[in-house]
Every structure is written in structure tokens, then in C-alpha cells.
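Order of the sequence lines sets the chain letters (A, B, ...), proteins ahead of strands, with each chain counted from 1. Computed from a predicted model, the values in this text were never measured in an experiment.
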Amino acid sequence: MLKIYNTLTRKKEVFTPRIEGKVGMYVCGMTVYDYCHVGHARVMVVFDTVARYLRYSGYDLTYVRNVTDIDDKIIQRANENGEDISQLTERFIDAMHEDERALSVLPPDHEPKATQSIPDIISMIEVLIKNGLAYVGNNGDVFYAVTKFDNYGKLSGKNLDDLQAGERVDVDLAKHNPLDFVLWKMAKANEPAWESPWGLGRPGWHIECSAMSTCCLGNHFDIHGGGMDLQFPHHENEIAQSEGATGETFVNVWMHNGFVRINEEKMSKSLGNFFTVREVLKQYKPEIIRFFILSSHYRSPLNYSDEQLNEAGTALTRLYTALRDCDANSQDFDMEYKARFDQAMEDDFNTPVALSVLFDLARELNKSKDLKDKAASLAATLKQLAGLLGILQEDPESFLKSGAVNGESESDAAIDQLVQDRLNAKQSKNWALADSIRDNLKALGVIVEDSPNGTSSWRRE
RNA sequence: GGCUGCGUAGCAAAACGGUUAUGCAGUGGCCUGCAAAGCCAUCUACGGCGGUUCGACUCCGCCCGCAGCCUCCA
């Protein structure tokens with residue numbers, strides 16, 4: 001029985017899809033004016049893991065994650081670069097896909113772009129105006145009138161009076177209420193613009209997601225996800241727009257992932273304390289980043305540091321070491337571990353506990369290496385369950401032998417030779433030589449491990 | 001100021017009203033020519049003060065500390 005924490009009710013709820021066996025899930029994606037940082041990676045990995053688990057549970061999932069490819073920052077960045085807007089966005093969309101693939105994030109089923117959803121956006125705004133929830137301001141922009149929507153604030157637990165009190169938005173005289181937000185902006189000179197009933201302009205950010213999600217998944221769908229910071233105002237506004245336009249419930253379950261932090265502070269572009277995925281990939285194997293993200297619960301904060309990444313690497317090495325020289329292709333799975341793993345995942349996708357089951361499994365596998373059938377079953381179970389988290393799918397030997405950083409050390413063949421030399425020295429009981437070869441290898445970042453049958457294997461640190 | 005949420009051992013991170021989390025690190029042992037890996041054992045905990053209870057890290061209240069949102073942000 002899958003339970004998911006719903007931000008709307010602040011409780012874990014038993015998940016029941018609207019239509020039996022089918023799930024629609026929408027996640028707010030990136031605004032593509034720069035490379036993805038680790039915070040973005042967390043969203044991608046978290047919801048990829050959710051998607052994988054829903055599919056494994058037998059649901060027919062439609063997973064939609066949008067791309068915001070028109071907004072102020074994009075326009076600004078393109079101007080700074082002297083680059084065409086679409087050229088800039090295409091470039092960063094490609095980079096995002098590259099990062100995704102590196103992190104074993106499976107592509108969503110649909111990836112709508114704001115610029116390709118303009119007609120849907122316009123028609124939704126028209127309905128909102130018709131329903132009396134939106135108005136054209138005296139500067140020509142179209143605004144949403146928050147006071148006209150009854151439950152404004154129900155997701156974030158805010159009410160309009162509190163918001164008013166803490167109000168620190170610049171006063172915009174075109175708005176009836178300072179909290180009203182823009183649905184359609186009039187075009188400025190040299191900005192991309194589309195024809196609309198209100199003149200040449202472009203959509204506001206919030207309406208894009210309302211239009212794209214309902215367009216791909218219907219007026220009412222099961223799961224909507226995104227980072228914590230989108231709770232207010234973005235998701236609150238989406239509810240107001242979508243429910244205001246369709247008159248139907250918009251979303252059943254709202255899921256929000258916690259932030260990646262650096263020194264107890266949110267990683268963000270505005271604070272400038274971020275690491276891009278590609279930067280981190282220069283130092284760590286992609287699977288280590290994925291493991292690191294999964295090692296804490298998706299709603300908890302995740303502190304980014306080299307120590308944490310290094311630990312994730314050590315932990316992964318332990319799992320791969322257990323799998324080394326094992327036949328993991330058995331179809332005979334260990335149901336006890338599987339059940340424990342499922343139980344963890346069904347409790348609001350508790351990946352830290354799911355990982356701990358994997359470690360228990362690895363320990364038992366290490367103890368059972370002599371029992372062929374049991375070892376095969378445990379290894380197959382370990383690999384299959386880890387696969388649901390998107391880890392441990394590489395060949396153990398190649399994972400262990402690949403360096404943390406991009407190449408540049410001794411070649412595998414050269415290392416093999418040195419290891420063989422050492423074995424020869426060992427055979428003639430020349431311990432001094434054998435040990436000095438091992439020390440030399442260690443200096444090259446290579447660890448040699450002898451096995452009881454007289455052979456040696458090696459791995460890179 | 002308003003609204004969320006958090007505070008677990010050296011570090012990271014979970015669960016649970018009474019029973020081993022788990023990973024890394026430490027200590028002792030087994031294994032090894034010696035190591036490494038692996039296995040076994042083991043030491044460090046539940047921010048503070050009250051309350052409920054036969055019993056609370058786990059429920060309730062207060063206090064302290066931290067983070068996030070209230071402006072674009074994953």
C-alpha cells in the first residue's frame with residue numbers, strides 16, 4: 001500500500017489514483033538559461049525515482065515535466081550573450097538532457113515547452129477573464145485577481161490577510177491588489193511576443209504550468225511535484241488558475257522535495273553558492289551523485305559537501321564489491337528482502353531505508369559467496385532492487401576499475417601487468433618486491449586485493 | 001512580523017510508544033606472508049524543561065536553536 005506525503009493535507013496518505021491503474025504526474029521543470037545545478041539534479045532524480053517505482057508497482061504512468069523557455073531571465077541572458085533566444089534555450093535544453101542521461105534519469109513521457117503552448121495559455125486566460133477571475137490592468141497586462149478565488153493559500157497554509165501584512169512586493173499601480181499576479185505581459189520592444197486578444201505579448205510564468213499540465217494530463221490529475229520553493233506562489237497560483245478556469249479539482253497529491261544546501265544554506269542561483277552538475281561530474285562518477293541524492297529522504301534538506309560525496313562513493317563501492325564476480329541474472333529473487341525494500345519505498349519513497357535494505361542484502365551476499373544458488377538469488381535481488389533506484393546497473397568490475405576523475409592515470413593493461421608481476425613475486429615469496437609493487441600501485445590510486453584462490457583483483461580508489 | 005518544517009551518536013541518515021536501523025569513521029578479533037576486501041563483536045544518541053503513560057527519542061505543551069517561504073528560484 002503506497003503512501004505519499006501530500007503537501008495539501010500535510011499528511012501521508014494512501015495513494016489512490018483517480019483512474020484505477022493509471023497515474024498522471026506533472027513536475028515543474030527547469031527554466032533554461034543556464035546549466036543545471038545539484039538542486040535541479042535532485043528534482044530530476046527524486047521524481048525519476050518516483051516514476052520508476054510507480055511503474056514497477058504496475059501503474060500505467062504518464063509523466064510530464066515541462067520546460068520554461070521564455071521568461072525575463074532568458075531574455076536578459078540572451079541579450080548579454082548577444083545570442084538568439086531560441087539558440088540559447090536549445091543549447092541549455094541539450095545540456096539538461098545530457099546531465100539527465102548521466103544521472104540515469106529516464107526521460108519523461110512528455111516535455112512540453114512554454115513557447116509551444118501559447119494557444120492553450122491564451123485560451124485559459126480567456127476563460128479566467130470570462131469567469132471574472134482575471135482582468136486587464138491599465139498598463140495592458142492581464143492579471144489574476146487573487147481575492148476572487150476562494151481558497152487562495154490552501155496549499156501553502158497562508159491566507160490573504162497574512163500575506164498582505166508581510167507584503168514587500170513593489171507596488172504596481174496597474175494591479176488591483178499587490179498580490180495579483182500577471183497572466184499575460186505586454187511586449188516590450190525587441191522582446192519575443194505572440195499575438196493575443198490583449199495585444200502582442202508573452203505569458204506569465206504561472207499560467208504556463210497550468211496550461212501545459214491540464215493540456216497533457218487533463219483538468220484533474222494525480223500528482224504534481226516540484227521543489228519546496230515552488231509551493232508559494234507558483235503552485236498556489238497554478239491551483240487558482242486551473243481550478244478557476246475548469247471548475248474542477250486540479251491535483252490530488254502535491255509532492256515537494258527539499259533543498260540541496262551548502263553550509264546550512266539553500267543552494268541557489270541568486271545566492272551564487274551552487275555547483276553545476278557538470279562541474280561535479282568532473283570530480284565524481286555520476287552514480288555517486290545519484291546515490292548521494294537518494295541517501296536522504298526526498299523531503300529532507302540535503303547538505304552538499306565533498307565529505308558527503310566521498311562517503312557516497314565509498315558506500316557504492318561496498319555494494320559493487322559485494323556484486324563482484326556474482327551471477328546477478330537469476331530470476332530467483334529473495335522475497336524477504338524485496339518485501340522490506342517495497343515496504344520502505346511504499347512509505348513515502350523512503351530511499352534511505354531502501355538503501356539500508358540493500359546494505360543488509362550485500363552483507364548476506366558477502367557471507368553466502370560459497371553457496372552458489374543463494375548467492376545468485378541474493379545478487380539478482382540486489383541488482384534488481386537497486387535498479388528501481390537507478391543505481392548498481394553497471395558491470396561491477398568496470399565500476400570498480402574506473403577512476404573517480406577522468407582518466408589520465410595508468411592504463412588498465414599496465415596495471416594488470418604490475419599486478420601480475422606482484423603475483424609472480426608472491427609466488428617466489430619475494431615479499432619485499434611484492435609489497436613495493438603494491439605500494440607503487442597505491443601511489444597510482446590503485447588498490448590490490450588478493451583472493452583466497454591465489455589470484456588478485458584491483459580497483460581504483 | 002506571518003506561515004511551513006526541522007533539531008538523533010565523531011559524521012551522514014532512518015524507524016518506532018517497550019525489542020540491531022543503515023553507511024562512513026573508531027576499537028577488539030577472525031581471515032591474510034603482510035595488507036586490502038570480507039566476516040564477527042563493540043564504543044559514541046535522541047536540543048532543553050515539564051506533562052500524558054506501567055513505560056517516550058517516539059504523543060502533548062512551553063522554551064531554545066536552525067532552515068525555508070512570504071520577491072525570481074528546483
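In this structure, A:E100 atom CD and B:A74 atom C1' are separated by 14 Å, rounded to whole Å. A:L271 places its CG atom 14 Å from the C1' atom of B:A74, with the value rounded to the nearest Å. For the pair A:E311 CD and B:G26 C1', the computed distance is 14 Å after rounding to whole Å. Following rounding to the nearest Å, A:I437 (CD1) and B:C34 (P) show an atom-to-atom distance of 19 Å. In this entry the distance linking CZ of A:F181 with P of B:C70 reads 15 Å, nearest Å. For the pair A:F292 CZ and B:C24 P, the interatomic distance rounds to 17 Å; values are reported in whole Å. In this structure, A:H256 places its NE2 atom 18 Å from C1' of B:C6, rounding to the nearest Å. Between the CZ atom of A:R261 and the P atom of B:C69 there is a distance of 11 Å, rounded to whole Å.
Of the C1' atoms belonging to B:C66 and B:C30, the separation is 45 Å, rounded to the nearest Å. Using atom P as the reference point in both B:G18 and B:G50, the two lie 23 Å apart (nearest Å). Look at the P atom in both B:C24 and B:C60: the space between them is 35 Å, to the nearest Å. Spacing between B:A15 and B:U4 at atom C1', rounded to whole Å, works out to 23 Å. Straight-line distance between the C1' atoms of B:U42 and B:C3: roughly 46 Å, to the nearest whole Å. With P as the reference atom, B:C49 and B:U71 are 39 Å apart, rounded to whole Å. Nucleotides B:A74 and B:A21, compared at atom P, are 39 Å apart to the nearest Å. For B:C43 and B:G23, the P atoms lie 16 Å apart once the distance is rounded to whole Å.
The residues A:R290 and A:E287 are annotated as not salt-bridged, no charged nitrogen and carboxylate oxygen being separated by less than 4.0 angstrom. A salt bridge is defined here as a Lys NZ or Arg NE, NH1 or NH2 lying under 4.0 Å from an Asp or Glu carboxylate O, and A:D342 with A:K338 fails to meet this definition. Salt bridge annotation for A:R422-A:D439: absent, with no cationic side-chain nitrogen under 4.0 angstrom from a carboxylate oxygen. Using a cut-off of 4.0 Å between Lys/Arg side-chain N and Asp/Glu carboxylate O, A:R261 and A:E264 are scored as salt-bridged. Note on A:K12 versus A:D347: salt bridge recorded, some NZ/NE/NH1/NH2 to OD/OE distance being below 4.0 Å. The residues A:K3 and A:E346 are annotated as not salt-bridged, no charged nitrogen and carboxylate oxygen being separated by less than 4.0 angstrom. We find that A:E461 and A:K442 are joined by a salt bridge, their nearest charged nitrogen and carboxylate oxygen being less than 4.0 Å apart. Classification of A:K188 and A:D72 as a salt-bridged pair fails, no side-chain N sitting under 4.0 Å from a carboxylate O. Salt-bridge formation is not detected for the pair A:E394/A:K285: no Lys NZ or Arg NE/NH1/NH2 atom is positioned less than 4.0 Å from an Asp or Glu carboxylate oxygen. Using a cut-off of 4.0 Å between Lys/Arg side-chain N and Asp/Glu carboxylate O, A:E83 and A:R91 are scored as salt-bridged.
Base pairing annotation: B:A25 forms no Watson-Crick or G-U wobble pair, as no partner gives both donor-acceptor distances under 3.5 Å. Under the Watson-Crick and G-U wobble criteria, each requiring two contacts below 3.5 Å, nucleotide B:A67 is paired to B:U4. Nucleotide B:C46 forms a pair with no other nucleotide shown, judged by Watson-Crick or G-U wobble geometry with both contacts under 3.5 Å. Pairing partner, B:U58: none, since no Watson-Crick or wobble contact has both distances short of 3.5 Å. Pair assignment for B:U53 gives none, since no Watson-Crick or G-U wobble pairing has each distance under 3.5 Å. When both distances must be under 3.5 Å, the Watson-Crick or G-U wobble mate of B:C34 does not exist.
The residue A:K369 sits apart from the nucleic acid: no heavy atom pair falls under 4.0 Å. Nucleic acid contact class of A:M44 (heavy atoms, under 4.0 Å, all strands): none. Residue contacts shown for A:S300 are limited to sugar-phosphate atoms, with no base heavy atom under 4.0 Å away. Residue A:G258 is classed as a base contact, given a heavy-atom separation below 4.0 Å to a base. Across all strands shown, A:G39 has heavy atoms under 4.0 Å from base atoms, whether or not it also approaches the sugar-phosphate.
Residues A:D360 and A:V260 both approach RNA chain B. Their nearest nucleotides, taken by heavy-atom distance, put A:D360 toward the 5′ side. Both A:R422 and A:H40 sit near RNA chain B, but only A:R422 has its closest nucleotide nearer the 5' end.
Residue side chain A:R438 reaches the base of B:A35 through a donor-acceptor N/O pair under 3.5 Å, judged by distance alone. At a cut-off of 3.5 angstrom, counting only N and O atoms as typed in the model, there is a donor on one side and an acceptor on the other between the side-chain of A:K158 and the base of B:C69. For A:D161 against B:G2, no side-chain N or O and base N or O form a donor-acceptor pair under 3.5 Å. Evaluation of atom-type donor-acceptor distances gives a pair under 3.5 Å for the side chain of A:K73 against the base of B:C72.
Checking B:G68, B:C66, B:U22 against the side-chain heavy atoms of A:F359 singles out B:U22 as nearest. Taking only side-chain atoms of A:L163, from C-beta outward, the nucleotide of B:A74, B:C34, B:C70 with the closest atom is B:C70. Of the listed nucleotides (B:A74, B:C11, B:A67), B:C11 has the atom at the smallest distance from the side chain of A:Q308. Listed nucleotides: B:G33, B:C24, B:A74. Nearest to the side chain of A:H37: B:A74.
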Quiz item: What does nucleotides 36-42 of chain B look like as a protein-contact string, B for base, S for sugar-phosphate only, - for none, at under 4.0 angstrom between heavy atoms?
Solution: BSSSS--
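When all heavy atoms of A:L294 and A:V45 are compared, the pair lying nearest together is CD1-CG1, 3.7 Å. Contact record, A:T49 with A:M345: CG2-CE, 4.0 Å, taken as the closest heavy-atom pair.
Side-chain contact check for A:K369 versus A:C326: some heavy-atom pair is nearer than 4.5 Å.
The main-chain N or O of A:Q231 is never found under 3.5 Å from a side-chain atom of A:E236 such that the two would form a donor-acceptor pair. Remark: the backbone N or O of A:G137 is not paired with any side-chain donor or acceptor of A:D141 at under 3.5 angstrom.
One finds no side-chain N or O of A:K266 lying less than 4.0 angstrom from the OP1 or OP2 phosphate oxygen of B:A74. At the phosphate of B:C72, neither OP1 nor OP2 sits under 4.0 Å from any side-chain N or O atom of A:S268.
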Produce the list of close N/O pairs, under 3.5 Å, pairing protein atoms with atoms of nucleotides 15-17 of chain B; give distances to one decimal.
none

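Between A:W431 and B:G33, a base-stacking contact is recorded: ring centres under 5.5 Å apart, planes less than 30° from parallel.
Checking each of A:Y26, A:Y152, A:W254 against A:H235 for a ring-ring contact (aromatic ring centres under 6.0 Å, His included) leaves exactly one that passes, namely A:W254.
The stretch residues 222-242 of chain A touches RNA chain B through A:G226, A:G227, A:D229, A:L230, A:F232, each having a heavy atom under 4.0 angstrom from the strand.
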